[in-house]
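Scroll down for the structure; my scribbles are underneath it.
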Amino acid sequence: GPGKFGDESDGSPLIVLRAIQQTPQHKVGMSAIFADARRGHRVALEKNLEPFVRAGLAGLPLEDCNAAIAKALEVGGGRTLFFYLDPYGIADLDFGMLRRVFERGPAQSTEVLINFSFPTFMRMSGNWSHDESAATIAEKVKAAKIETLNRSMDGTYWRDIIQDTSLGPCEREDAIVAAYMERIRRFFQFVVSVPVKVQSEQPGVLEDSLAKYHLIFASRNARAVQYMNDIAYDELAPYLNRFSDGLLFDLRPQRYAVEARDQVKEEIVRLVAASPMMRPAIYEAVIPSHFLHYKTA
């Protein structure tokens, strides 16, 4: 993107750079590499990056994601690399391209955050609707960009999921995202998803909705997952609170059900009994398997 929205608020490039600027570590080598395939966006981004380029925190934006990934892998060496992949659509998430990031040595610190849009996936796979028959969806899939999707999704498994008429809208969404995450999990110990929701404009409407997009986070570091959990928990809370605030019962959708506190406590007791550990280690041991259930105390 151009680095700023139409209302002049910061976009992700400037948010990232200001965060770097506020840390002491930026003086010892923290910097960012950006890319945008759209010339107009790239020109605007270059202008918005000027003060950060002069400060040595960024270079001029590159023309495509492949070039940015290649440069990051080249200059990154044994350093920590954080990849934020925010494409215009599913087609730009070519799995072969991502594999170069995923296969970076396990001894090197690599964090990946992917913007995965399920509504865009639906359009690319034939613009089908959830109430159509499996045969109708199959016909629409034939007319869709199948090979492009196969490359992005790393396989054909997605076709069986979208043609399964026993699955409702949210169940299909969850199944597609979960299957895609499994492909990434071959390379990372931890892979979690943060659904980004749009708040309903109609007060009192408690119907669960598809996510605007999912932020899929992959890491080999449990503490990184803990940080992501706490940030994402606060962001998702307003959406989930609608299903309980002011109501007699908690009507939270089952897909967002959390483990009971007593059960989590019992798990912590078992962990500590087996191997005494301090609080930070307890968080790192428990939170990844209970992602978005609770926030760090």
Side-chain angles (χ1 to χ4, degrees), residues 87 89-91 93 95 114-146 148-150 152-185 191-218 229 232-233 235-260 263 289-294:
I90 299 296
L93 291 175
F95 208 91
I114 300 173
N115 182 329
F116 182 91
S117 171
F118 182 70
T120 301
F121 167 84
M122 289 178 64
R123 289 195 296 273
M124 283 199 65
S125 58
N127 205 27
W128 45 274
S129 61
H130 293 283
D131 57 356
E132 291 178 314
S133 69
T136 301
I137 294 175
E139 285 301 314
K140 290 192 173 183
V141 168
K142 287 181 183 178
K145 301 177 180 179
I146 295 178
T148 299
L149 270 180
N150 288 345
S152 297
M153 301 298 289
D154 192 37
T156 62
Y157 59 90
W158 56 271
R159 297 180 65 174
D160 290 336
I161 297 173
I162 66 173
Q163 292 174 37
D164 185 349
T165 55
S166 69
L167 300 177
C170 293
E171 292 172 314
R172 278 182 176 136
E173 175 189 26
D174 289 347
I176 287 291
V177 172
Y180 181 68
M181 289 167 62
E182 279 303 310
R183 315 301 281 192
I184 302 173
R185 200 166 276 121
V191 183
V192 295
S193 172
V194 180
V196 178
K197 298 286 194 173
V198 177
Q199 293 282 22
S200 173
E201 298 292 333
Q202 304 174 28
V205 175
L206 293 180
E207 184 177 354
D208 193 13
S209 62
L210 299 178
K212 183 179 180 182
Y213 55 89
H214 287 256
L215 288 174
I216 296 174
F217 180 60
N229 175 84
Y233 185 93
E235 293 299 319
L236 190 58
Y239 177 81
L240 295 179
N241 288 344
R242 297 168 52 247
F243 296 94
S244 60
D245 286 354
L247 302 177
L248 185 59
F249 301 104
D250 188 341
L251 301 178
R252 176 187 295 232
Q254 184 59 36
R255 66 202 291 219
Y256 301 124
V258 301
E259 190 94 30
Q263 291 178 299
S289 58
H290 300 285
F291 188 73
L292 289 182
H293 288 199
Y294 297 102

Side chain to side chain donor-acceptor pair (under 3.5 Å) filter on Y157, not counting sequence neighbours, yields none
Applying ring pair (Phe, Tyr, Trp, His ring centres under 6.0 Å), name anything that partners F116, two or more places apart in sequence or on another chain.
Y180
For F95, give me all partners under ring pair (Phe, Tyr, Trp, His ring centres under 6.0 Å), at least two apart in sequence or on another chain.
F102
With the threshold set at 4.0 Å, does a side-chain nitrogen-carboxylate oxygen contact exist between K197 and D208?
yes
Distance col, row W128:CH2 vs S133:OG, nearest 0.5 angstrom, shows 12.5 Å
Judged by atom type as modelled, is there a donor-acceptor pair below 3.5 Å linking the side chain of S193 to the main-chain atoms of H214?
no
For residues 135-146, pull every pair meeting salt bridge (charged side-chain N to carboxylate O under 4.0 Å, His left out), keeping only residues two or more places apart or in separate chains.
E132-K140, E139-K142
Can you list the residues that meet the side-chain contact (heavy atoms from CB on, under 4.5 Å) rule with A237, with sequence neighbours excluded?
N241
Does D160 have any side chain to side chain donor-acceptor pair (under 3.5 Å) partners at least two apart in sequence or in another chain, and if so, which?
none
Flag side-chain contact, heavy atom, 4.5 Å: Y294 against N229
no
Restricting to pairs with a member in residues 163-178, which pass salt bridge (charged side-chain N to carboxylate O under 4.0 Å, His left out), not counting sequence neighbours?
E173-R255, D174-R255
Smallest separation among heavy atoms of V191 and A218, with atom names:
CG2-CB, 4.2 Å
Indicate the atoms forming the closest heavy-atom contact of A211 with P195, along with that distance.
CB-CB, 4.0 Å
For F217, check ring pair (Phe, Tyr, Trp, His ring centres under 6.0 Å) against everything at least two apart and list the hits.
none
About how many Å separate OG1 of T156 and CG of L149, when rounded to the nearest 0.5 Å?
11.5 Å
Quick one: CZ on R242 to CG on L247, what's the gap to the nearest 0.5 Å?
10.0 Å
Verdict with supporting geometry, I184 and I216, side-chain contact (heavy atoms from CB on, under 4.5 Å):
CA-CA 10 Å; I184 302 173; I216 296 174; 4.1 Å; yes
Rounded to the nearest 0.5 Å, how far does CD1 of I90 lie from CE of M122?
12.0 Å
With sequence neighbours left out, the residues meeting ring pair (Phe, Tyr, Trp, His ring centres under 6.0 Å) with Y213 are none
Test side-chain contact (heavy atoms from CB on, under 4.5 Å) applied to I114 and L215, step by step
CA-CA 6 Å; I114 300 173; L215 288 174; over 6 Å; no
Can you tell me how far the CG atom of D245 sits from the CG atom of L251, to the nearest 0.5 Å?
11.5 Å
If I compare all heavy atoms of A232 with all of L292, which pair ends up nearest, and what's the gap?
CB-CD2, 3.6 Å
As a quick check of understanding, evaluate side chain to side chain donor-acceptor pair (under 3.5 Å) for T120 and R123, giving each step before the final call.
CA-CA 5 Å; T120 301; R123 289 195 296 273; 3.1 Å; yes
Can you give me the closest heavy-atom contact between S129 and I137, atom names plus distance?
O-CD1, 4.2 Å
Counting N and O atoms only, with roles assigned by atom type, does the side chain of H293 sit under 3.5 Å from a partner on the main chain of V258, one being a donor and the other an acceptor?
no
Check the pair I146 / W158 against side-chain contact (heavy atoms from CB on, under 4.5 Å), numbers first and verdict last.
CA-CA 10 Å; I146 295 178; W158 56 271; 4.3 Å; yes
Can you pull the salt bridge (charged side-chain N to carboxylate O under 4.0 Å, His left out) pairs that have at least one residue in residues 175-185, sequence neighbours excluded?
D154-R183, E182-R185
Apply side-chain contact (heavy atoms from CB on, under 4.5 Å) to A134 and list each qualifying residue two or more places apart in sequence or on a separate chain.
Q163, T165
Any chance you could measure Y256, atom OH, to L236, atom CG, to the nearest 0.5 Å?
6.5 Å
Sequence neighbours left out, what passes side-chain contact (heavy atoms from CB on, under 4.5 Å) with P169? Give chain and number order.
H130, L210
Of all heavy-atom pairs linking I161 and L167, the shortest is O-CD1, 3.9 Å
Do you know which two heavy atoms are closest between D250 and S244, and how far apart they sit?
OD1-CB, 3.8 Å
